[in-house]
Novice: 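Sharing a structure below in structure tokens format, with a few things to ask.
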Amino acid sequence: MSTAIWVVVALVVVAVLAAAGYLAMTRSRTARLRRRFGPEYDRVLERQGGRAAAERELRSREQRHEELELRELDPRRREEYREQWVRVQERFVDAPEAAVEQADQLVTVVMGERGYPARGFEEKVAHLSVEHGRTMDHYRRAHTISGKAATQEASTEDLRQAMVHYRALFEELLAPHGEAHHGKAHHGKGEEHAAEPPAGGEHAGRHAAAPTGPAAGQRGDERTMRS
């Protein structure tokens, strides 16, 4: 076999190996991004219309996220925020719209204290999704219902759902780093009271009981609402 043929064969082998290496690298990157962003990966994929563009967007989020100076809350601050959540939840019975608005504000305050941007919904989602991608669907649903509530278009059931969705992100933001990423809810003092509907009230007969603890998904939300 001539030298020229050997050169051609070698070039073909190198090209095949390079293509195989690139394919393996892209598959590994895709798998990593899917694990990290969860359902948010598919949402960005649909919005961007292609995997390459979607993954560029997600890697851009990671790069911007690295520039943040994030910090965990100390136990005392966690406890204070949980107590605030209990008060917001208790208000749901008499004023569900106001309770949902306060839940949104409380979540935003906790974001700011953790070091996340606290302005612009899509900007908040972009940064939060890097470490809380599996909870972004909760946050998006809560945000949508809050918009309906502002125009008096949300039912009491909608508002209950919003509280559950806000609670899911709220608990993740409060949880220590390791627990937040493994989906473990951190329960502190006051959580037992938070899970109990507030007693009585002038409007208790007109509104359903306040929503209970956080839910991991839609089925959990439905079970919470029926309880």
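Values below: all heavy atoms of this structure, side chains included; hydrogens, waters and symmetry mates excluded. Everything quoted here is computed from the prediction, not taken from an experiment.
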Novice: Tell me the closest heavy-atom pair linking Leu159 and Ala149, and the distance in Å.
Specialist: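 Scanning both residues completely, I find the closest heavy atoms to be CD2-CB, 3.7 Å.
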Novice: Hey, are the side chains of Leu169 and His138 touching, using non-hydrogen atoms and a 4.5 Å cut-off?
Specialist: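 Side-chain contact under 4.5 Å: no.
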Novice: What residues form a side-chain hydrogen bond (donor to acceptor under 3.5 Å, both in side chains) with Arg32, not counting sequence neighbours?
Specialist: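 Checked Arg32 against side-chain hydrogen bond (donor to acceptor under 3.5 Å, both in side chains); matches are Glu62.
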Novice: Just do the side-chain contact (heavy atoms from CB on, under 4.5 Å) check on Glu66 and Val130 with the steps written out, would you?
Specialist: CA-CA 10 Å; Glu66 290 176 358; Val130 178; over 6 Å; no
Novice: Is Arg77 salt-bridged to Glu80, going by a charged N under 4.0 Å from an acidic O?
Specialist: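 So Arg77 pairs with Glu80 through a salt bridge.
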Novice: Strictly distance-based, threshold 3.5 Å: is any side-chain N or O of Arg71 a donor or acceptor partner for the main-chain N or O of Glu113?
Specialist: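 The answer is yes, because a donor-acceptor pair under 3.5 Å joins these two groups.
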Novice: So do His132 and Leu173 actually touch side chain to side chain, heavy atoms under 4.5 Å?
Specialist: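 Result yes, sub-4.5 Å side-chain heavy-atom pair found.
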Novice: If you measure from CZ on Arg36 to OG on Ser129, what distance do you get to the nearest 0.5 Å?
Specialist: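 That separation rounds to 9.0 Å.
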Novice: Let me confirm one number: the CG-CD distance from Leu174 to Glu171, rounded to the nearest 0.5 Å.
Specialist: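 If we round to the nearest 0.5 Å, Leu174:CG and Glu171:CD are 6.5 Å apart.
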Novice: Taking NZ, NE, NH1 and NH2 as the nitrogens, is one of them in Arg78 or Asp74 under 4.0 Å from a carboxylate oxygen of the other?
Specialist: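 Here Arg78 does not pair with Asp74 in a salt bridge, since their nearest N and O are not under 4.0 Å apart.
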Novice: I would like to know whether Met163 and Phe92 meet side-chain contact (heavy atoms from CB on, under 4.5 Å); could you show each step before the answer?
Specialist: CA-CA 9 Å; Met163 292 293 288; Phe92 183 89; 3.7 Å; yes
Novice: Looking just at side-chain N and O atoms, do Glu101 and Ser146 make a donor-acceptor pair shorter than 3.5 Å?
Specialist: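 Short answer, no.
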Novice: Under a 4.5 Å cut-off applied to non-hydrogen side-chain atoms, are Glu153 and Asp158 in contact?
Specialist: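 The answer is no; the side chains never approach within 4.5 Å.
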Novice: Who passes ring pair (Phe, Tyr, Trp, His ring centres under 6.0 Å) against Phe170, sequence neighbours left out?
Specialist: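 Phe170 satisfies ring pair (Phe, Tyr, Trp, His ring centres under 6.0 Å) with Trp85 once adjacent residues are dropped.
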Novice: Assess Arg43 against Tyr41: is NZ or CZ under 6.0 Å from the centre of the six-membered ring, and within 45 degrees of the ring's axis?
Specialist: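 So Arg43 doesn't make the cation-pi contact.
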Novice: For Glu46, does the CD atom sit with more than 12 other heavy atoms under 6.0 Å from it, leaving out its own atoms?
Specialist: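 Atom CD in Glu46 is not packed in, count stays at 12 or less.
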Novice: Just do the side-chain contact (heavy atoms from CB on, under 4.5 Å) check on Glu79 and Gln84 with the steps written out, would you?
Specialist: CA-CA 9 Å; Glu79 197 58 43; Gln84 289 182 44; over 6 Å; no
Novice: Grab the two heavy atoms, one from Glu72 and one from Arg114, that are nearest each other, plus how far apart they are.
Specialist: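 Nearest pair, atom of Glu72 first, then Arg114: CA-NE, 4.0 Å.
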Novice: Atom OG in Ser60, atom NE2 in His65: separation rounded to 0.5 Å?
Specialist: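 Nearest 0.5 Å value for the OG-NE2 distance: 13.0 Å.
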Novice: Quick one: ring pair (Phe, Tyr, Trp, His ring centres under 6.0 Å) partners of His127, sequence neighbours excluded?
Specialist: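 His127 satisfies ring pair (Phe, Tyr, Trp, His ring centres under 6.0 Å) with no other residue.
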Novice: What's the shortest heavy-atom distance between Val107 and Tyr166, and which atoms?
Specialist: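 Shortest heavy-atom contact: CG2-O, 3.9 Å.
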Novice: What's the shortest heavy-atom distance between Ala162 and Ala142, and which atoms?
Specialist: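 Answer, listing the atom of Ala162 first, then Ala142: O-CB, 3.9 Å.
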Novice: Which pair of heavy atoms, one from Pro117 and one from Met111, lies closest together, and at what distance?
Specialist: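 Between these two residues, the closest heavy atoms are O-SD, 4.4 Å.
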Novice: Can you tell me how far OG1 of Thr151 sits from CD of Glu97, rounded to the nearest 0.5 angstrom?
Specialist: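 The CD atom of Glu97 sits 10.5 Å away from the OG1 atom of Thr151.
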Novice: side-chain contact (heavy atoms from CB on, under 4.5 Å) for Phe37 and Glu55? Distances and angles first, verdict last.
Specialist: CA-CA 11 Å; Phe37 287 91; Glu55 293 188 355; over 6 Å; no
Novice: Look up atom CG in Leu128 and atom CZ in Phe121, then write down how far apart they are to the nearest 0.5 Å.
Specialist: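 Answer for the CG-CZ pair, Leu128 versus Phe121, is 9.0 Å.
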Novice: Please answer whether the main-chain N or O of Asp104 pairs with a side-chain N or O of Thr108 as donor and acceptor at a distance below 3.5 Å.
Specialist: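 Confirmed, Thr108 side chain pairs with Asp104 backbone.
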Novice: Taking only Lys NZ, Arg NE, NH1 and NH2, and the carboxylate oxygens of Asp or Glu, determine whether Glu131 and Arg61 approach each other closer than 4.0 Å.
Specialist: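 No salt bridge links Glu131 with Arg61.
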Novice: Taking C-beta and beyond as the side chain, do Arg91 and Val88 meet within less than 4.5 Å on heavy atoms?
Specialist: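 They are not in side-chain contact.
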Novice: If you round to the nearest 0.5 Å, how far is OG1 of Thr144 from NE2 of His165?
Specialist: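 Nearest 0.5 Å value for the NE2-OG1 distance: 9.0 Å.
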Novice: I'd like to know if Arg140 and Glu40 make a salt bridge, using a cut-off of under 4.0 Å between side-chain N and carboxylate O.
Specialist: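 So Arg140 pairs with Glu40 through a salt bridge.
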